[in-house]
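Encoded as structure tokens, the structure appears first; notes follow it.
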Amino acid sequence: MTEIAILAILVIALDMVAGFGGMVSLCHGALMGAGAYAYAMLTVKAGLAPPMAFAGAVAVTGAASWLIGAVCGRSHGIYFIMATLAFGQMAYSLVFEQPIFGGDDGISGVPRIDLTIIGLDLNDGRTFAFVSLAVLGAVYWFATHVLQAGLGRSLTGIMHNEQRMRALGVNVWRIKADMFGLSGMIAAAAGALAAQHVMFVSPGLLNWTVSGEALVVVILGGLGTIIGPVIGAIVFVLLKHEVSAHTDYWHLVVGLILIAVVMSRANGIFGWLEQRLSRLARPVPARDVIANQVRKDLAAKGSLEDA
């Protein structure tokens, strides 16, 4: 359950920029890793209290994300993807090669936030899982409100017609940078939770494959829906654990499901469910009701005549 919550927080962050701004990022795994390392460094190395370290990790990663968004926001399409990938790989190389970050060995002994003052022991796995779900709920609320506000609406307008938004006087690169910064803060929160979950961080958290996996989850759940990526995270983690118990090729199963979802022309699992529910809930036109009743009457009349 904790793994689902952490992944769901990460993919919500990615969906905010990819689904509502058209900014497909391959550095969100690195942003999550940066949040994890910032939390670990502030607690283990600097001796800062975990709550302050959590806030510091989110703030520092958010500032770095804003800078990345400001630089990459001037590019589009494949160039934007490659630029974010480059930033992610630079972060990975920095963490991997610098001894202060522990190199390939990472940093162990990462503490969890102490919430015993309100009666919560986060050293208990179940309690930590419920707290992670509460953080997911707060992140979902925050993301939906940001996207419904002026910033989110402006970003959506930029995605659909950037030239028109420029003509209206919108500062396009600033909108993109601000949203990327907020998205990075959410990814950092996921990283800080991940560091506390396993009480250990390693350079693998910043690998580009983490970003690729998050992008797969977003597409699987439903791009540009917020709730879709959460559904995708649930399905992805359940498949990972259930299928991997029987075979090492669980990625193949996920790939086949992803291909099926894409070929169905629905917007992910959420889009497919939405289509099916809308068809069930769609009222039957009166003309069709009358036609069906006439057919039944004619069939009944024919059976009586045969008798």
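For the single chain, residues carry numbers from 1 onward in sequence order.
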Asn171 CG to Ile158 CD1 distance, which is reported to the nearest 0.5 Å: 8.5 Å
Interatomic spacing from CZ in Phe96 to CD in Gln89 - rounded to 0.5 Å: 12.0 Å
Met1 atom CE, neighbour heavy-atom count above 12 within 6.0 Å: yes
Cluster link Phe200 to Phe101, ILVMFWY, side chain under 4.5 Å: no
Test log, rule side-chain contact (heavy atoms from CB on, under 4.5 Å), inputs Met52 and Leu42: CA-CA 9 Å; Met52 295 297 295; Leu42 290 173; over 6 Å; no
Verdict with supporting geometry, Leu193 and His197, side-chain contact (heavy atoms from CB on, under 4.5 Å): CA-CA 6 Å; Leu193 283 176; His197 177 46; over 6 Å; no
Same apolar cluster: Ile117 and Phe54, side chain cutoff 4.5 Å: yes
Minimum heavy-atom distance Leu14-Ser183, with the two atoms named: N-OG, 4.1 Å
Hphob cluster co-occupancy, Leu67 + Met32, side-chain heavy atoms under 4.5 angstrom: no
Test side-chain contact (heavy atoms from CB on, under 4.5 Å) applied to Leu147 and Met179, step by step: CA-CA 9 Å; Leu147 291 168; Met179 186 61 81; 4.0 Å; yes
Donor-acceptor contact present, side-chain Asp121 to main-chain Thr127, <3.5 Å: no
Within 6.0 angstrom of Leu256 CG, more than 12 heavy atoms from elsewhere: yes
Gap separating the CD1 atom of Ile9 from the CD1 atom of Ile4, nearest 0.5 angstrom: 12.0 Å
Verdict with supporting geometry, Glu3 and Leu7, side-chain contact (heavy atoms from CB on, under 4.5 Å): CA-CA 6 Å; Glu3 188 178 349; Leu7 180 58; 5.6 Å; no
Single-linkage hydrophobic cluster Val139~Leu223, side-chain heavy atoms < 4.5 angstrom: yes
Between CG on residue Leu151 and OG1 on residue Thr156, distance to nearest 0.5 Å: 9.5 Å
Non-hydrogen side-chain atoms of Gln196 and Ile113 separated by less than 4.5 Å: yes
Straight-line distance of Lys45 NZ to Tyr37 OH, nearest 0.5 Å: 10.0 Å
ILVMFWY network linking Phe80 to Trp208, side-chain heavy atoms under 4.5 angstrom: yes
Sub-6.0 Å ring centroid separation between His160 and Phe20: no
Met23 and Met159, any side-chain heavy atoms less than 4.5 Å apart: no
Side-chain donor/acceptor of Thr84 to backbone N/O of Ile81, under 3.5 Å: yes
Ala57 versus Ala188, closest heavy-atom pair with distance: O-CB, 4.0 Å
Ser211 (side chain) donor-acceptor with Gly29 (main chain) under 3.5 angstrom: yes
Leu205 side chain near Val210 side chain, heavy-atom distance below 4.5 Å: no
Minimum-distance pair of heavy atoms, taken over all atoms of Val110 and Ala40: CG2-CB, 3.8 Å
Min side-chain heavy-atom separation Leu122-Asp114 under 4.5 Å: no
Side-chain heavy atoms of Ile12 within contact of Leu136, under 4.5 Å: yes
Side chains of Gln163 and Asn161 in contact at under 4.5 Å (non-hydrogen atoms): yes
Side chain to side chain, Tyr39 and Val58, heavy atoms closer than 4.5 Å: no
Under-4.0 Å salt bridge between Lys176 and Glu162: yes
Minimum-distance pair of heavy atoms, taken over all atoms of Val44 and Ser108: CG2-O, 4.1 Å
Approximate separation, where rounding is to 0.5 Å, of Gln148 CD and Arg153 CZ: 7.0 Å
Which atom of Ala233 lies closest to which atom of Val217, heavy atoms considered: N-CG1, 3.3 Å
Donor-acceptor pair, side chain of Asp15 and main chain of Gly224, under 3.5 angstrom: yes
Minimum-distance pair of heavy atoms, taken over all atoms of Ile227 and Phe270: CG2-CE1, 3.5 Å
CH2 (Trp173) with more than 12 external heavy atoms under 6.0 Å: yes
Check: Ser25 and Phe180 side chains under 4.5 Å, non-hydrogen atoms: yes
